[in-house]
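Structure first, commentary second.
Just so it is clear: chains get the letters A, B, ... in the order the sequence lines come, proteins before strands, and each one is counted from 1.
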There are 2 protein chains.
Amino acid sequence: MITDYLIKQVPFTHDELNDILDHFEKEHIQKNRILIKEGQICNKLYFLEAGIGRSFYLKKNGKEVTQWFFEDDNFMVSVDSFFSQTPSVYYLEILENAIIYSITKEKLDLLLVKYHKMEKLSRLLAIEMLAKVVHKLNAIQFQTAKQRYDYMLKEFPDIAYRVSLGHIASYLGMTQETLSRIRKNE
Amino acid sequence: MITDYLIKQVPFTHDELNDILDHFEKEHIQKNRILIKEGQICNKLYFLEAGIGRSFYLKKNGKEVTQWFFEDDNFMVSVDSFFSQTPSVYYLEILENAIIYSITKEKLDLLLVKYHKMEKLSRLLAIEMLAKVVHKLNAIQFQTAKQRYDYMLKEFPDIAYRVSLGHIASYLGMTQETLSRIRKNE
DNA sequence: TTTCTCTTTTGACCTAAATCAAAAAATAGC
DNA sequence: GCTATTTTTTGATTTAGGTCAAAAGAGAAA
């Protein structure tokens, strides 16, 4: 639940929470839907109440490379694009039927001005995400293919067996063949 | 200047700025000083007014691996450790004689509560840092050694020729020998 | 069940970059 | 200046993981 998630981060009052939630829209999204394409400006911040998603980008050779996975009960967004309102480098895709809450940049900006606590929430989320990305960077930069897969299992235990091997392999910076061989030897 | 930097991010008033700056301490630091060791809790946020720094960690085999470079006119911190007050995974080291402004976690927390704008500043910084780390991640994950060095030249043009080849090589996830050969063929 | 498509596995071979080792160059200390 | 120490370069060899190609397996539609 999005309310539980928000309260866990910052102690909003009941009224504040209602006001904030009024700025979000709830939607049901079918799997394989692309929320944002490369080049579009990501104008919405999404909260995944159910389902999973990923961001990926398309290399010149046409291959998709997964950049991040988004689990349920987490925000999903093309960060740079949304916050600096510049064209997204990534695609955002829903991988399993999802229930999402979305808020536009304009509405979020209103909330950020209105509620000091909302700024705090955003800061906390950004720092949390930063820590996660740094963690992945270390895994990618210094570890063998096998160790990177172990990182994946720890970081996304729920997702590791729900998305295709190819998506995971590209997320981990290795080929499908290599990941297949790693799994074989588990 | 730290004041210029702050104002560029958020329009603080003169009084606010003075109050905020009163919470910082100015220090001159000699090169090669270690600000934070692995395992310590990073209790201060540093602003580099002059000089450069890096974060690195020590692998089990005793080798240092540079994790990030910090240029003058930027904040320098072991992010996770500082914000979640947990033991740092990294060392923070000053590489060239520096002038820094530092603020403790306690004092920063006071400012974050006192000034809505200060929360905003922190959010913006976190998002900016996030974008940079994502950028490096992409360079590391998908590019050849040569391309990674080109990324370094773009991201840290000032630093690329001021720090040792070994520091840069480990930052880019390659050996010194490889970087030396790349430079030779430039 | 059969067909079509998409995903995963397996095998053979190749290459970018690592490792190991040692020489050359640059810096720092005296 | 002249050593001592650290950093960088060069060469020879190895290897993890990539590439290419094809077979096997798994869904989905009908």
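Within the 4.0 Å cut-off from OP1 or OP2 of C:dA16, not a single side-chain nitrogen or oxygen of B:T144 is found.
Around atom NZ of B:K136, more than 12 heavy atoms belonging to other residues, nucleotides or ligands sit under 6.0 Å away.
A side-chain contact (heavy atoms from CB on, under 4.5 Å) with B:Y91 holds for exactly one of B:I36, B:L58, B:L35, B:T66; it is B:L58.
Rounding to whole angstrom units, CD of residue A:Q143 and P of D:dG17 are separated by 11 Å. Distance, B:M174 CE to C:dA16 C1': 11 Å, rounded to whole Å. To the nearest angstrom, P of D:dG17 lies 9 Å from CD of A:Q147. When rounded to the nearest whole Å, the span between CG of A:L172 and P of D:dG18 equals 11 Å. Following rounding to the nearest Å, A:I182 (CD1) and C:dT10 (C1') show an atom-to-atom distance of 15 Å. When rounded to the nearest whole Å, the span between NZ of A:K63 and C1' of C:dT7 equals 15 Å. At whole-Å resolution of the value, CG in A:N185 and C1' in C:dT10 are 12 Å apart. Here C:dT7 presents its C1' atom at 14 Å from CD of A:E64, a figure rounded to the nearest Å.
In the model, A:H135 has a side-chain atom that pairs as donor or acceptor with a side-chain atom of A:E155 under 3.5 Å. For the residue pair A:N138/B:Y57, the side-chain donor-acceptor check at 3.5 Å is not satisfied.
Ring geometry, B:F156 versus B:F69: the interplanar angle exceeds 60°, so the pair is classed perpendicular (tilted spans 30 to 60°).
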Polar atom pairs (N or O), protein with nucleotides 6-12 of chain D, under 3.5 Å:
unit_1, atom_1, unit_2, atom_2, d
D:dT8, OP1, B:L165, N, 3.0
D:dT8, OP2, B:L165, N, 3.2
D:dT8, OP2, B:G166, N, 3.3
D:dT9, OP2, B:S180, OG, 2.8
D:dT9, O5', B:S180, OG, 3.1
D:dG11, N7, B:R181, NH1, 3.0
D:dG11, O6, B:R181, NH2, 3.4

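Figure legend: A:R54 and A:F56 shown as a cation-pi pair, the cationic atom lying under 6.0 angstrom from the six-membered ring centre and within 45 degrees of its axis.
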